[in-house]
Amino acid sequence: MFEEFYEMYEPEEQEVVALINRCIGGGFNWKGNFWEMTVVTLGIVFCDTGKVSTKEERLDWPVTEEERNGEKGWGRFGKEQICRLKIRRMKEEWAKDLVVQPWCISQVVKAHEDCPELQAHEDCPELQAVLDEYHKPVVIQDQVLGELTLDKDYDAFEGEIQWCGKDVSLSLEVNAESKPSWTRARSAAKKLLADCETWDKAMRDLAAKNLTELANNWLSQDEENPRNPETDPITEEELARRISMTSLSVTSGGSFTAWFDCDEIFTDHAVTVYGSLKKGLKTANIEG
């Protein structure tokens with residue numbers, strides 16, 4: 001059933017001991033009518049050479065719709081699990097447009113639950129060293145942005161800033177392995193913060209322009225307190241006034257997403273505004 005999947009990979013197998021970070025999900029292969037699951041690694045030891053790779057690797061395998069949510073899909077590997085695998089590299093012609101050239105898992109030789117000698121990370125000192133380093137906290141003290149803590153699972157620094165006098169959660173999307181990306185993301189966030197009054201007004205105005213008609217539609221259908229858009233419409237000015245920013249995410253490239261609490265105008269949904277320092281505001285939607 002999975003012939004099309006395995007044809008994308010080289011026939012040569014390499015045996016490795018892998019330290020799993022987490023399963024990041026799966027994409028549906030419409031042509032083959034199956035799911036491609038993916039885990040990312042913290043480290044890999046190649047058994048033939050003893051070489052240790054701490055570069056994040058993607059390991060893929062195919063499953064059916066029925067298997068996806070079970071032990072062969074999401075439940076196949078656990079966080080920080082060590083296992084011995086046979087893997088195959090994706091062929092160049094299939095990987096040429098990908099950011100990372102993935103591997104496929106052709107066989108699980110031994111996993112921690114059925115291999116006592118792999119249960120303790122101490123039995124693989126190379127990967128234990130990788131795990132110890134991974135668990136070390138990375139904290140930046142920024143004079144403008146305050147304390148920023150790196151979430152290594154999601155390649156993001158998390159913190160809290162004062163935005164127009166209110167506490168707002170800040171997330172800086174970076175490449176955890178590239179410190180220059182940390183600097184660029186911090187710089188972009190500081191530029192937004194330095195002119196927060198202007199940006200805040202522009203975001204509110206865009207949200208009001210895009211969403212006021214929808215807001216009137218939603219409020220008119222409120223089961224408890226319906227609001228008649230003919231006699232008591234919500235105006236752009238009112239919508240802009242009632243929403244308030246709760247979190248801001250900024251990338252190292254200068255793009256950003258702002259989330260606004262909508263004061264129950266859209267029930268429990270949030271207003272999101274997208275933009276970039278270079279091109280300005282892009283769009284405003286409701287999400288959640």
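Sequence positions, counted from 1, serve as the residue numbers for this chain.
No more than 12 heavy atoms of other residues, nucleotides or ligands lie within 6.0 Å of NZ in K96, so this atom counts as exposed by the packing criterion. Counting non-hydrogen atoms of neighbouring residues, nucleotides and ligands closer than 6.0 angstrom, the CD atom of E10 exceeds 12 such neighbours. Within a 6.0 Å radius of CD in Q107, other residues, nucleotides and ligands contribute more than 12 heavy atoms. Around OH of Y154, the count of heavy atoms belonging to other residues, nucleotides or ligands within 6.0 Å does not exceed 12. Within 6.0 Å of NZ on K79 lie more than 12 heavy atoms contributed by other residues, nucleotides or ligands. Around atom NZ of K91, more than 12 heavy atoms belonging to other residues, nucleotides or ligands sit under 6.0 Å away.
Under the 3.5 Å distance criterion, the side-chain polar atoms of K152 are matched with a main-chain donor or acceptor of K136. Proximity of a side-chain donor or acceptor of R58 to a complementary backbone N or O of V40 within less than 3.5 Å is not detected. With E80 contributing its side chain and N21 its backbone, the two residues share no donor-acceptor pair below 3.5 Å. Put simply, the side chain of R84 never gets that close to the backbone of E15: no donor and acceptor are under 3.5 Å apart. Put simply, the side chain of R88 never gets that close to the backbone of I105: no donor and acceptor are under 3.5 Å apart.
L59 is listed as a side-chain neighbour of T41, based on a closest heavy-atom distance under 4.5 Å. A 4.5 Å side-chain heavy-atom check between L172 and E158 finds every atom pair outside the cut-off.
Between W103 and F46, the angle of the ring planes lies from 30° to 60°, which puts this pair in the tilted group.
The ring of F157 has its center closer than 6.0 angstrom to the ring center of W182. For W61 and Y6, the distance between ring centers is not under 6.0 angstrom.
Residue E4 holds its CD atom at 7.0 Å from CD of E7, rounded to the nearest 0.5 Å.
Between L248 and L192, the closest heavy-atom pair is CD2-CD1, 4.3 Å. Smallest separation of non-hydrogen atoms from I265 and W218: O-CB, 4.0 Å. Looking at every heavy atom in both residues, D155 comes nearest to A176 through OD1-CB, 3.2 Å.
Hydrophobic clustering of Ile, Leu, Val, Met, Phe, Trp and Tyr side chains at less than 4.5 Å, counting indirect connections, unites W74 with L85.
The residues K72 and E66 are annotated as not salt-bridged, no charged nitrogen and carboxylate oxygen being separated by less than 4.0 angstrom.
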